[in-house]
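Scroll down for the structure; my scribbles are underneath it.
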Amino acid sequence: MNFSKTLTNWYSIYKRDLPWRNTKNPYNVWLSEIILQQTQINQGLPYYLAFIDEYPTVFDLANANETEVLKLWQGLGYYSRARNLHTTANFIVNEFDGKFPKTYKELLQLKGVGDYTASAIASICYDEPTAVVDGNVYRVLARFFGIDTPINSTRGIKEFKALATSLIDKKNPGDYNQAIMEFGARQCKPKNPDCTVCPLKGSCYALHHSKIETLPLKLKKTKVSTKYFNFLVFISADKRTLFQKRTGNGIWKNLYQFPLVETKSELTPEQFKNSPKVASILKGIAFEFSLYNTTDIVHKLSHQHLHTKFWIVEVNSLPEKGILYRDLQNYPTPVLINNFIDEFKFPI
DNA sequence: AATTCGGGGTG
DNA sequence: CACCCAGAATT
């Protein structure tokens with residue numbers, strides 16, 4: 001039996017029953033694909049269910065405001081996905097009367113939809129034979145065919161896309177695409193795959209050349225930078241604190257946080273209190289200053305380690321209009337901030 | 001072509 | 001700790 005047929009047969013037996021697999025509705029499929037970008041199914045599934053529950057159609061999603069969408073996305077990471085999701089929902093409603101485009105080429109025009117996602121939607125919803133190439137596909141193809149071109153090189157990206165395209169089952173491209181991904185996730189796992197029960201063990205290059213551990217090949221590791229974050233948590237008699245929307249194009253865009261003072265290095269409490277930035281924020285205000293966490297909370301992201309201090313600033317009146325403690329939960333925040341709010345327990 | 005975007009899971 | 005995840009957008 002050939003490679004593709006073996007995969008689709010395996011899939012028909014071992015596939016998980018997932019909600020987006022019971023429909024060809026492009027809204028549902030699109031939503032699932034955006035949520036699952038760089039995200040494992042177990043992490044994304046509850047978000048998919050919550051989004052379908054809150055926004056059953058593209059019109060419901062378009063009618064929401066971005067803050068609400070980000071709030072429902074909170075904790076999933078890569079928040080540009082949520083912002084683009086909302087933008088594209090409005091685009092679909094306003095430009096296409098709520099109907100999704102039906103071809104790979106047109107889908108590619110949507111914000112947040114790249115080669116992978118356009119291929120997935122086109123094949124699953126409209127039976128267009130466009131091959132998906134995600135992390136699972138790279139692994140399965142690299143191992144089975146013995147390809148050592150780096151998967152994150154321009155050459156590798158083209159090579160694997162072409163190979164995947166040549167293998168796709170044109171009669172049932174959606175099932176084939178999902179089959180090879182599911183196979184990569186469940187059978188041809190990154191670490192310690194059980195090749196003894198693999199239906200492809202007979203012809204797998206990596207298995208017969210002891211290259212399961214070394215394929216696929218990936219170049220360069222991401223370097224991690226360290227940053228020092230100081231959040232000012234205002235406590236006032238009127239049960240309000242300062243909470244600000246992050247602007248600019250960096251991390252956590254449009255999420256909310258306590259006033260942030262970033263420093264180049266770790267400062268002593270005295271150095272921090274006397275720094276110009278802190279002084280300007282607290283200019284002319286009577287306050288009591290205390291450090292909530294005596295050792296830094298280190299929030300680890302894939303490319304940044306955030307060494308974080310939460311400073312409690314007790315004031316009689318806030319320097320500007322704040323929000324009620326009890327309203328903090330209505331704002332989308334990074335996990336780092338949300339963890340603090342949960343732990344600190346504001347006297348609501 | 002390289003970097004930047006999160007957070008959770010695995011070994 | 002290193003690596004991975006149904007990648008895309010930006011620089």
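All chains are named by letter (A, B, ...) in the order of the sequence lines, taking the proteins before the strands, and each is independently numbered beginning at 1. Reckoned from all heavy atoms, side chains included, excluding hydrogens, waters and symmetry mates.
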Worksheet entry | N/O (side chain, A:Y79) to phosphate O (OP1/OP2, B:dG7) under 4.0 Å | yes

Practice prompt. Determine, using ring centers only, whether A:F243 and A:F258 are less than 6.0 Å apart.
Written response: yes

Worksheet item: What does A:V113 touch in the nucleic acid at a heavy-atom separation under 4.0 angstrom: a base, only the sugar-phosphate, or nothing?
Response: sugar-phosphate

Discussion item. Could you walk me through whether A:Y79 and A:L70 satisfy the side-chain contact (heavy atoms from CB on, under 4.5 Å) test, starting with their C-alpha distance in whole Å, then the side-chain angles of each, then the deciding distance to 0.1 Å, before giving a yes or no?
Written reply: CA-CA 7 Å; A:Y79 296 94; A:L70 284 170; 4.2 Å; yes

Practice prompt. Let me know the distance between CG of A:N152 and C1' of C:dC5, rounded to the nearest Å.
Written response: 15 Å

Worksheet item: For the base of B:dG7, is there a side-chain donor-acceptor partner from A:Q43 under 3.5 Å away?
Response: yes

Worksheet entry | Under-3.5 Å donor-acceptor pair between A:T117 side chain and C:dG7 base | no

Worksheet item: Is it the case that A:Q37 and A:Y116 place a side-chain donor and acceptor less than 3.5 Å from each other?
Response: no

Item to complete: Determine: side-chain N/O of A:K223 to OP1/OP2 of B:dT3, distance under 4.0 Å, yes or no.
Response: yes

Worksheet item: So, is A:W73 near the phosphate of B:dG7, with a side-chain N or O under 4.0 Å from OP1 or OP2?
Response: no

Practice prompt. Could you measure between the two P atoms, the one in B:dT4 and the one in C:dA6, and give it in whole Å?
Written response: 24 Å

Discussion item. With a cut-off of less than 4.0 Å, is there a side-chain N or O of A:Q38 near OP1 or OP2 of C:dG7?
Written reply: yes

